[in-house]
Structures are given as C-alpha cells and as structure tokens.
Amino acid sequence: MYEALRLSALQEGESAYVTQVSAGPAMDQRLTDLGLVRGTRVTCVLRSPAGDPCAYLIRGALIALRRADADGVSLERQAQELPAQAVTT
C-alpha cells in the first residue's frame, strides 16, 4: 500500500519518490532542472527552526526549498505498517 503526500509534509529523515510536479510554469521548470522528476527519491535532511525553508537531498545535492514551492511536488511512499501489538493477559 502506498501513501500520497506533498514534499512539504516530509519530516527530517523521511524519504519518498516524486510522482508529479505542479507548482506553476516557471517553478515547474526550475524544480525539474533541480532533478525533481517522476521516480526521483527525495529525503528531508533538515528543517529550519521555523519550519520554512527545508533542505532536501535530491540526486546527491542538498537543495533548500520554501514550503510554498515544496507544496507543488507530489510524492508517494510505502505506507508504514504498525508493529503487531503484544497481547497481555
């Protein structure tokens, strides 16, 4: 099962794969030039204390993006399964 989310929703240390970029014509081109194309793995490396901007590892480069720009990038990752809970009696 896969989970859809926006790039801005990634927490530090989390990774996901790009499914779509839709941030407006000029920003789409810029993000594509930075390597954000379908199938690219992106990892959130650092969030500023205020939460904006964030630094992402994209194809070996560390790129800082504002939340408004990161909101235009759709991602997909495998949903985390919850560990089985122990039954206590």
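Criterion: ILVMFWY side-chain heavy atoms under 4.5 Å apart, direct or through other members. Under it, Met27 and Val42 are part of a common hydrophobic cluster. Leu7 and Tyr17 end up in different hydrophobic clusters when Ile, Leu, Val, Met, Phe, Trp and Tyr side chains are linked at under 4.5 Å.
Residues Leu65 and Leu31 are in side-chain contact: their nearest non-hydrogen atoms beyond the backbone lie under 4.5 Å apart. For the pair Val18/Leu75, a side-chain contact is recorded, criterion being any heavy-atom separation below 4.5 Å from C-beta on.
Under a cut-off of 6.0 angstrom, the local environment of CZ in Arg6 is crowded, with over 12 non-hydrogen atoms contributed by other residues, nucleotides or ligands.
Atom OH of Tyr56 and atom CG of Leu36 lie 10.0 Å apart (nearest 0.5 Å). In this structure, Gln78 CD and Tyr2 OH are separated by 5.0 Å, a value rounded to the nearest 0.5 Å. Atom CZ in Arg47 sits 3.5 Å away from atom SG in Cys54 (nearest 0.5 Å). Rounded to the nearest 0.5 angstrom, Ser8 OG and Asp52 CG are separated by 9.0 Å.
Nearest heavy atoms, Ala16 versus Leu10: CB-CD2, 4.2 Å.
Just one of Ile58, Ile63, Leu57 meets the side-chain contact (heavy atoms from CB on, under 4.5 Å) condition when paired with Val45; it is Leu57.
Sorted by first and then second residue, the pairs that involve residues 57-76 and meet salt bridge (Lys or Arg N to Asp or Glu O under 4.0 Å), not counting sequence neighbours, are Arg66-Asp69.
Side chain of Ser74 to backbone of Thr19: no donor-acceptor contact under 3.5 angstrom is found.
For Gln29, the side chain to side chain contact (heavy atoms under 4.5 Å, CB included) partners at least two apart in sequence or on another chain are Asp33.
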